[in-house]
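Read through the structure below, which is laid out as structure tokens, and then see the notes.
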Amino acid sequence: MPEGHTVHRLARTFHDLFVGQTLRVSSPQGRFADGAALLDGQVLVAAEAWGKQLFLGFAAARAGATAERWLRVHLGMYGAWTFAGDGSADVVHAIGAPRRRIGERETVPAGPDDPGTGDDWEPPAPRGAVRVRLLGEHAVADLTGPTACEVITPGEKAAVEARLGPDPLRPDGGRGSRDAARADFVERVRRSRVPVGRQLMDQAVIAGVGNVYRAEVLYRARVDPMRPGHDVPASEIGGMWDDLAVLMRDGVARGYIVTTRPEHRDAGGGAVPPVAAGRARRRPRQNADGEPGAVPVEEAFYVYRRDGLPCRVCGTPVLTRELAGRNLYWCGTCQG
DNA sequence: CCGTAATGGACAG
DNA sequence: TGTCCCTTACGGT
């Protein structure tokens with residue numbers, strides 16, 4: 001269940017593990033047999049992310065370097081990539097040791113306990129319904145449960161990208177420049193009366209934001225999620241873009257989402273109001289493929305899945321309702 | 001042990 | 001609006 005930061009991290013991992021290599025592509029589950037046959041034996045020449053979309057570019061020969069076919073993958077709600085490697089130095093670096101989560105599922109280096117000897121490495125048998133297996137020189141990547149997985153042409157890739165909004169994690173924002181991307185987002189939100197909390201979930205308005213970043217960026221900007229986009233000052237919308245660029249980039253670096261400032265965490269010495277007694281708690285959880293522990297998940301968010309708990313700043317119970325088909329969380333006091 | 005929600009989104013009707 | 005994708009962690013029993 002990734003948001004954009006996870007997919008960009010995945011693109012980086014594919015780049016590190018596989019780009020420049022001839023790959024064996026198969027579909028152990030069988031449902032992607034035709035697509036796998038198209039890519040099998042080709043060279044991976046690119047790994048890109050735009051919002052929650054992952055694009056892996058293939059070419060017949062390394063020399064060309066221009067992708068002729070693209071594998072488009074969208075993980076959706078419970079898709080996952082599982083990686084295993086032979087323990088050689090570069091792979092250990094890329095996968096992380098001793099274990100690491102990517103996408104959503106746990107990743108375990110499959111080699112013996114002697115890193116560096118990958119000569120007779122055999123990839124592990126696929127576990128579960130593996131739609132696609134990519135096998136490179138030193139590692140294997142298995143895809144399970146995706147919403148989308150297809151082989152497309154460069155033209156079809158361009159058509160998919162044309163439907164996506166600007167992405168704060170792309171170097172040029174997906175609009176040629178960071179300034180143009182920011183302006184595009186502001187203009188798009190303000191030309192509609194649709195509630196800003198709904199627009200943030202629209203991948204044509206901004207690509208890569210999901211339910212966690214939606215709730216958290218609105219809280220940090222003190223914006224009422226139900227406010228029509230047209231009524232939100234441009235400075236506040238632009239400020240949310242800038243904040244998302246920081247938060248999501250931090251998410252890429254950490255491998256998980258943290259939006260709280262240290263002074264607002266329970267252990268930060270802040271004036272955190274006491275928890276209401278007797279309420280059943282349901283702790284949030286999230287993807288975490290980075291090193292755990294720096295900020296525990298209970299401390300990572302201001303409002304996401306904290307309904308009924310006191311606001312970290314004002315103490316008012318956090319509210320929830322459905323918006324855009326997902327549960328929205330916000331503070332009715334701070335986000336008046 | 002079982003039921004359910006979950007960081008999404010495509011598609012049918 | 002409902003279905004699919006078909007996994008996983010968690011809470012309640």
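Heavy-atom basis, side chains included; hydrogens, waters and symmetry copies ignored. Note that this is a predicted model, so its numbers are computed, not measured. Each chain gets a letter, A, B and so on, in the order the sequences are listed, and its residues count up from 1.
- Within 4.0 Å (heavy atoms only), A:R326 reaches at least one base atom of the nucleic acid.
- Between A:N327 and the phosphate of B:dA5, there is no side-chain N or O to OP1/OP2 separation shorter than 4.0 Å.
- Using a 30° and 60° split on the angle between ring planes, A:F14 and A:W81 fall in the perpendicular class, above 60°.
- Screening A:R220, A:R249, A:R222, A:R261 against A:D243 for a salt bridge (charged side-chain N to carboxylate O under 4.0 Å, His left out) leaves a single residue, A:R220.
- When A:H15, A:Q53, A:K157 are each tested for a side chain to side chain donor-acceptor pair (under 3.5 Å) with A:E48, only one passes: A:K157.
- A donor-acceptor pair under 3.5 Å is absent between the side-chain atoms of A:R131 and the main chain of A:G145, judged by distance alone.
- The phosphate of B:dG9 has neither OP1 nor OP2 within less than 4.0 Å of any side-chain N or O from A:R163.
- In this structure, the CG atom of A:L200 is 15 Å from the P atom of B:dT7, given to the nearest Å.
- Within the nucleic acid shown, A:R131 comes within 4.0 Å of sugar-phosphate atoms alone, with no base atom in reach, counting heavy atoms only.
- The aromatic rings of A:H264 and A:Y302 sit perpendicular to each other, their planes meeting at more than 60°, with 30° as the lower class boundary.
- Close to B:dG9, at under 4.0 Å from its OP1 or OP2, lies a side-chain N or O of A:K52.
- Counting any heavy atom pair closer than 4.0 Å across all strands shown, A:Q29 reaches sugar-phosphate atoms only and no base atom.
- One finds a side-chain N or O of A:Y329 lying less than 4.0 angstrom from the OP1 or OP2 phosphate oxygen of B:dA6.
- Regarding contacts with the backbone of B:dT7, a side-chain N or O of A:Y304 is found under 4.0 angstrom from either OP1 or OP2.
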Please list, pair by pair, any protein nitrogen or oxygen found under 3.5 Å from a nitrogen or oxygen in nucleotides 11-13 of chain B.
none

